Amino acid sequence: MSPHSQSYWTTSPGHGELRTAPLPPLEPGQALVRTLYSGISRGTETLVHDGRIPPEIATLMEAPFQEGSFDGPVKYGYLSVGLVEDGPASLVGRRVFCLYPHQDRYVVPVDALTLIPDDVPSERAVLAGAVETAVNALWDSRPCIGDRIAVVGGGMIGAAMATLLRRFPLARLQLVDPDPTRAALAEQLGVDWVHPDDAAGDCDLVYHCSSTAAGLSLGLGLLGDEGEVIELSWYGTHSPEVPLGADFHARRLSIRASQVGTIAAPRRARRTHQDRLTTALDALKDPAFDALLSGSSPFEDLPNVMRDLSSGTLSALCHVIAYPGADPTA
């Protein structure tokens, strides 16, 4: 009998369940991975959970190893950390990151796996997808020494942006969020938190990560003349109003979309997706990223966790799912 695996499926808007299915046989060039941890990318995964993926961009939003379609049932996710149990000898026993859905064991081509550095803990490594998004945004925008920068929105992506930006020799860096609990997060990250009412203007760059029309409007208002908003938010089926009146044109402001599906143009000729992911995992050697891990639940509780994240009952930056046999010290 073939070995089996369990995976999480969104079965209909607002509902999900664990399903059991046989694993495919291992073929040359493939590896069998036992999952240690997976992370929930709250913004995108709650949109999937709620059935709010616009049909016109459904193909664009498919995850690499997704099964099913967004109108359900669908197996979705892309933040998986595991241990190679079978495959090439050079990989067996090694920890890897993979853009795979929430599943306890899976078979994938070896080129879909990225080795995790020895000094990056397994739980922290689930943040690789968020940090890769932030790396791509930095490549899109290229911040400079002495810049005045604001990150609007202190969720997982905004916090990852701020954590990377704190390495730059900036004149000013502020994490802007109306939630006062983000002050403690910012302190852990070593950056300044400010309420939107107190945010400093005349910014060279603003990274918008709040997924709200109010946040986008604030970001444009914080720019200095000829400044640029880097838009990392994704709105699903919602279409926010963009304030292009008033002085938007007179001050020559810009809005640039940054999306992780494509390598940022300034690096596209010289970097691959694997290069970018390796850069993200290397950045995760910084223990400050542990502040983004806001809770953990066992794999069997995943249907309830997704329900609570979607309803707002559970508040999280990156909620970690722990699988049987996971070793947090690995």
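What you see is a predicted model; the values in this text were computed from it and never measured.
Neither side chain, T20 nor H4, offers a donor N or O lying under 3.5 Å from an acceptor on the other. Using a 3.5 Å distance cut-off with no hydrogens or angles, the side chains of Q66 and K75 do not pair a donor with an acceptor.
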Discussion item. Test side chain to side chain contact (heavy atoms under 4.5 Å, CB included) on S69 and V74; report intermediate values, then the result.
Written reply: CA-CA 5 Å; S69 59; V74 62; 6.0 Å; no
Worksheet entry | Candidate pair S5 and L23, rule side chain to side chain contact (heavy atoms under 4.5 Å, CB included), full reasoning | CA-CA 6 Å; S5 66; L23 281 168; 3.9 Å; yes
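A cation-pi arrangement is found for R19 relative to W9, the charged atom lying closer than 6.0 Å to the ring centre and inside a 45° cone about the ring normal.
Between L18 and S7, every side-chain heavy-atom pair lies at or beyond the 4.5 Å cut-off.
Taking hydrophobic clusters as Ile, Leu, Val, Met, Phe, Trp and Tyr residues chained together by side-chain heavy-atom distances below 4.5 Å, L292 shares a cluster with L36. At a threshold of 4.5 Å between side-chain heavy atoms, the hydrophobic network of Ile, Leu, Val, Met, Phe, Trp and Tyr places L222 and L220 in one connected group. Cluster annotation: V108 is not connected to L99 through the hydrophobic network of ILVMFWY side chains, with a link wherever side-chain heavy atoms come within less than 4.5 Å.
Using a 4.0 Å cut-off between a side-chain N of Lys or Arg and a carboxylate O of Asp or Glu, R172 and D204 do not qualify as a salt bridge. Ion pairing between a basic and an acidic side chain is recognised when a charged N comes within 4.0 Å of a carboxylate O; R252 and D225 show no such pairing.
Ring planes of Y100 and Y106: parallel class, angle under 30° (limits at 30 and 60°).
Note that the OG1 atom of T262 and the CZ atom of R268 stand 6.0 Å from one another [nearest 0.5 Å]. One finds the CZ atom of R95 at 4.0 Å from the OG atom of S122 (value rounded to the nearest 0.5 Å).
Under the 6.0 Å cut-off for aromatic ring centres, Y8 and Y76 do not qualify, their centroids lying 6.0 Å or more apart.
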